[in-house]
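Below is one structure, written out as structure tokens; comments come after it.
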There are 2 protein chains.
Amino acid sequence: MSQKPFVSAQEVAERAGVSRSAVSRTFTPGASVSPETRRRVVEAADALGYHVNHLARGLMLSESGIVCLIVSDMGTPYRSSLIRAVTQQLQDAGKIAMLINTDRSDGSVDLALRQAIRYRADASIILSGMPDKSITQLCLKNGQRLVLINRDDDQEGPFRINLDDAAAAGRLVTAFLRAGCRRLAFANSEAGTPSLMAREHGFIAAAKAIGLEVVVERYGPTGYESGRVLAQRLLTQSERPDAVFCATDLIACGFMDAARHQFSIAIPGQLCVAGFDDIEQAAWSSYELTTFAQPVEAIAREAVTWLGKDGSDDPAERIHSVRLNADLVWRSSIRGG
Amino acid sequence: MSQKPFVSAQEVAERAGVSRSAVSRTFTPGASVSPETRRRVVEAADALGYHVNHLARGLMLSESGIVCLIVSDMGTPYRSSLIRAVTQQLQDAGKIAMLINTDRSDGSVDLALRQAIRYRADASIILSGMPDKSITQLCLKNGQRLVLINRDDDQEGPFRINLDDAAAAGRLVTAFLRAGCRRLAFANSEAGTPSLMAREHGFIAAAKAIGLEVVVERYGPTGYESGRVLAQRLLTQSERPDAVFCATDLIACGFMDAARHQFSIAIPGQLCVAGFDDIEQAAWSSYELTTFAQPVEAIAREAVTWLGKDGSDDPAERIHSVRLNADLVWRSSIRGG
DNA sequence: GGCACTGTTGCAAGCGCGTGCAAATGCTGC
DNA sequence: GCAGCATTTGCACGCGCTTGCAACAGTGCC
């Protein structure tokens with residue numbers, strides 16, 4: 001690398017024949033600079049290819065503009081669409097996203113948060129496993145703000161964005177009923193995250209309320225393959241279910257594929273299926289899956305606007321939690337509608 | 001926010017009863033510190049919750065450890081899997097990824113690169129539209145390294161990772177032929193990126209070499225919906241093709257769905273279909289799509305190891321381009337195999 | 001004891017920036 | 001011409017860190 005890779009404000013100042021402070025002020029909104037000085041600075045800056053060093057600026061302001069996204073399974077349709085929405089909104093708000101992958105081990109969320117602290121990220125948004133309580137405390141103590149999406153953690157301090165999973169699951173029971181279904185089943189993964197469990201419990205509770213039992217099966221990670229295995233298990237039972245709520249669209253896709261191609265079951269003729277997330281594939285005509293839409297854009301907006309608020313106001317008064325609802329998207333994997 | 005959100009090396013030094021330099025050296029690999037001092041520093045650091053400020057370190061070393069990922073369509077299966085692989089490899093190499101979304105306008109890649117410069121990113125990896133030549137020059141002048149993935153740009157300076165799109169497409173002609181297909185078609189988007197065009201031209205050329213004509217249709221962006229429209233166009237022609245190469249798996253999925261559900265065409269019975277990318281959905285049993293696998297991990301490895309190399313050696317000798325090949329993954333959307 | 005040598009440590013400079021403070025400038029009104 | 005004021009500019013400091021340099025302590029050997 002060459003000696004002077006980046007051009008500094010000093011050099012711009014010299015070329016423009018002003019002081020370095022003038023340069024700094026030119027690029028600081030709201031600072032007092034005469035039009036003439038500004039013109040000369042901008043000209044010199046363009047000529048030299050100058051760009052404010054955000055590292056140094058972050059050092060001064062103790063506000064880096066960096067927000068950490070801590071994510072697992074980011075190849076997954078739902079996750080990637082959420083990442084997309086959040087980064088876009090962050091950019092619109094003048095911030096920038098750092099991406100940390102936590103697929104490896106379980107302590108990797110903690111490692112990721114440490115990394116976030118090292119880069120003095122203003123905040124971290126967590127879309128994956130739950131961080132240790134000690135770590136979140138460390139973050140908060142370091143002045144870093146925390147957003148938990150669908151983590152449903154009851155810790156104090158972080159801002160939590162959740163869905164009304166249970167309520168949504170409850171509404172689905174009614175829908176199945178209207179379609180004439182009686183033998184309900186729930187296909188879940190073994191991940192056991194709060195949102196998945198809320199869907200399961202909400203579904204069971206609503207069914208019980210009208211006197212119906214739910215067959216629950218859990219298997220593997222939250223993905224397509226698990227859906228196939230779950231179909232294997234649920235569709236070979238003596239009394240085969242006529243309605244299955246899959247905890248996730250990916251599971252639902254696997255389930256439907258196995259049901260149709262392996263067991264030759266007609267959907268929705270002999271079996272109604274619903275999912276959760278409304279991933280792009282749910283709308284594909286091989287699935288036409290009735291599902292609950294994750295309000296991805298709303299989640300992202302909620303997170304970013306909260307970050308935009310100044311944290312200096314009364315902490316007791318600050319909102320620490322928001323619950324959004326997931327709308328049911330009707331497609332033909334359930335009869336009627 | 002409180003007065004002193006972050007704890008500095010100064011405070012650790014005071015608590016440990018050593019100088020600030022000792023603290024710094026403790027966290028600098030290869031520096032000379034006695035075991036006793038190190039122990040006391042680490043102890044004090046843990047007690048106070050100290051973390052090296054990478055912003056300040058980046059300022060000193062003029063090496064931030066930040067790598068910018070500049071991406072469009074990141075909700076897309078192929079893109080998100082690539083993002084996943086790259087961020088993971090970057091982390092393994094001790095670097096960190098910044099994510100910039102360029103879905104909005106066309107000049108947004110330039111804006112993104114400017115942002116990368118502001119944060120003194122060591123490098124930028126571009127997975128979306130092509131940046132202006134003036135901007136890439138700006139990056140290089142600023143000592144920033146550039147990786148272009150599947151951009152096939154012929155600029156000097158950036159490191160370019162490409163696939164042998166044309167060669168792969170050529171091999172596919174043979175495969176179609178062996179399946180007894182004669183009326184070949186190519187379904188492309190209107191995006192016109194170098195890799196898409198290379199697939200198209202490679203396919204046409206290989207077909208021509210054995211005396212076959214290819215019907216080419218182009219429509220819209222590179223996605224599922226375009227596949228449906230392309231099916232509409234290609235399957236209503238007087239002489240319906242019996243083999244279609246879709247420029248992308250997403251297009252292929254849309255194409256297959258339309259072919260089966262709208263035109264009741266049997267695949268692979270009456271029509272053979274192939275795609276490109278090997279996204280997860282290609283393996284789903286509703287598609288079983290024969291396709292070319294993007295060597296995602298290899299691409300990521302290639303990019304990250306190049307970044308790891310010291311750029312200070314002879315620039316004339318440095319490798320600036322790599323071409324990987326895409327293996328054909330056989331599934332049942334083509335007869336035989 | 002004196003010497004050369006190795007291994008540690010503290011000092012201080014500087015990375016590029018924002019900003020409080022005081023000096024300088026320009027302008028108005030008497 | 002001068003006081004009074006608003007606006008602009010430069011100086012200098014500090015954000016948290018790394019590192020060259022010099023001082024220092026410890027060791028083995030003559």
Side-chain angles (χ1 to χ4, degrees), chain A residues 1-41 44-45 48-66 117-122 142-143, chain B residues 1-41 44-45 48-66 117-122 142-143:
Chain A
M1 236 172 279
S2 58
Q3 253 61 352
K4 297 185 67 49
F6 289 97
V7 23
S8 74
Q10 180 64 49
E11 303 170 47
V12 176
E14 279 163 15
R15 186 183 170 112
V18 297
S19 78
R20 209 185 42 72
S21 345
V23 178
S24 182
R25 279 189 252 265
T26 301
F27 294 102
T28 305
S32 156
V33 198
S34 75
E36 168 60 11
T37 314
R38 155 165 274 125
R39 194 190 56 73
R40 292 173 58 186
V41 169
L48 266 53
Y50 169 74
H51 294 266
V52 179
N53 187 332
H54 271 48
L55 263 45
R57 169 176 270 178
L59 202 54
M60 275 299 312
L61 305 182
S62 58
E63 191 183 325
S64 59
I66 297 174
I117 293 179
R118 279 199 275 275
Y119 276 99
R120 297 303 188 259
D122 298 336
N142 278 329
Chain B
M1 237 172 278
S2 60
Q3 254 59 354
K4 296 186 69 51
F6 289 97
V7 25
S8 73
Q10 179 64 51
E11 302 170 47
V12 177
E14 280 163 15
R15 185 179 228 264
V18 297
S19 77
R20 212 186 35 254
S21 344
V23 178
S24 181
R25 279 189 252 264
T26 301
F27 294 103
T28 304
S32 156
V33 197
S34 75
E36 168 62 11
T37 314
R38 156 166 274 125
R39 194 190 57 72
R40 293 172 60 185
V41 169
L48 266 51
Y50 168 74
H51 293 267
V52 180
N53 188 331
H54 271 50
L55 263 45
R57 170 175 269 179
L59 202 54
M60 276 299 312
L61 305 183
S62 58
E63 190 184 326
S64 58
I66 297 173
I117 293 179
R118 280 200 276 274
Y119 277 98
R120 297 302 188 259
D122 298 336
N142 278 329

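Naming: A, B, ... by sequence-line order, numbering from 1 per chain.
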Please work out if [X] contacts a base, only the sugar-phosphate, or nothing of the nucleic acid, heavy-atom cut-off 4.0 Å.
X: V23(B); answer: nothing
X: Y50(A); answer: sugar-phosphate
X: T28(A); answer: sugar-phosphate
X: L61(B); answer: sugar-phosphate

Original post:
dG18(C) C1' sits how many Å from N53(A) CG, rounded?
Top reply: 13 Å

Original post:
For R39(B) and dT9(C), what is the distance between atoms CZ and P respectively, to the nearest whole Å?
Top reply: 13 Å

Subject >> Helix axis bend for the helix from dG1(C)-dC30(D) to dC30(C)-dG1(D) - C1'-based end axes, five pairs, 10° rounding >> reply: 50°

Original post:
Does one side chain, of T37(A) or S34(A), offer a donor that lies under 3.5 Å from an acceptor on the other?
Top reply: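 Yes, a side-chain donor-acceptor pair sits under 3.5 Å.
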
Subject >> Within residues 20-38 of chain B or reaching into it, pairs that qualify as salt bridge (Lys or Arg N to Asp or Glu O under 4.0 Å) - sequence neighbours excluded >> reply: E36(B)-R39(B)

Would you list the protein and nucleotides 11-15 of chain C atom pairs, both N or O, that sit under 3.5 Å from each other?
unit_1  : atom_1 : unit_2 : atom_2 : d
dC11(C) : N4     : S21(B) : OG     : 3.1

Original post:
Do the side chain of E11(A) and the main chain of S8(A) share a donor and acceptor less than 3.5 angstrom apart?
Top reply: yes

Original post:
Is any side-chain heavy atom of I66(A) closer than 4.5 Å to a side-chain heavy atom of Y119(B)?
Top reply: yes

Original post:
Looking at side-chain heavy atoms only, is the closest gap between R120(B) and N53(A) below 4.5 Å?
Top reply: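 Counting from C-beta outward, R120(B) and N53(A) do come under 4.5 Å.
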
Subject >> Among dG18(C), dT9(C), dC17(D), the nucleotide that comes nearest once only the side chain of R57(A) is considered >> reply: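 Comparing dG18(C), dT9(C), dC17(D) against the side chain of R57(A), the answer is dG18(C).
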
Original post:
Counting side-chain heavy atoms from CB outward, which of dG16(C), dT9(D), dT8(C) is closest to S34(A)?
Top reply: dT9(D)

Original post:
How about F6(B) and Y50(B): are their ring centroids closer than 6.0 Å?
Top reply: no

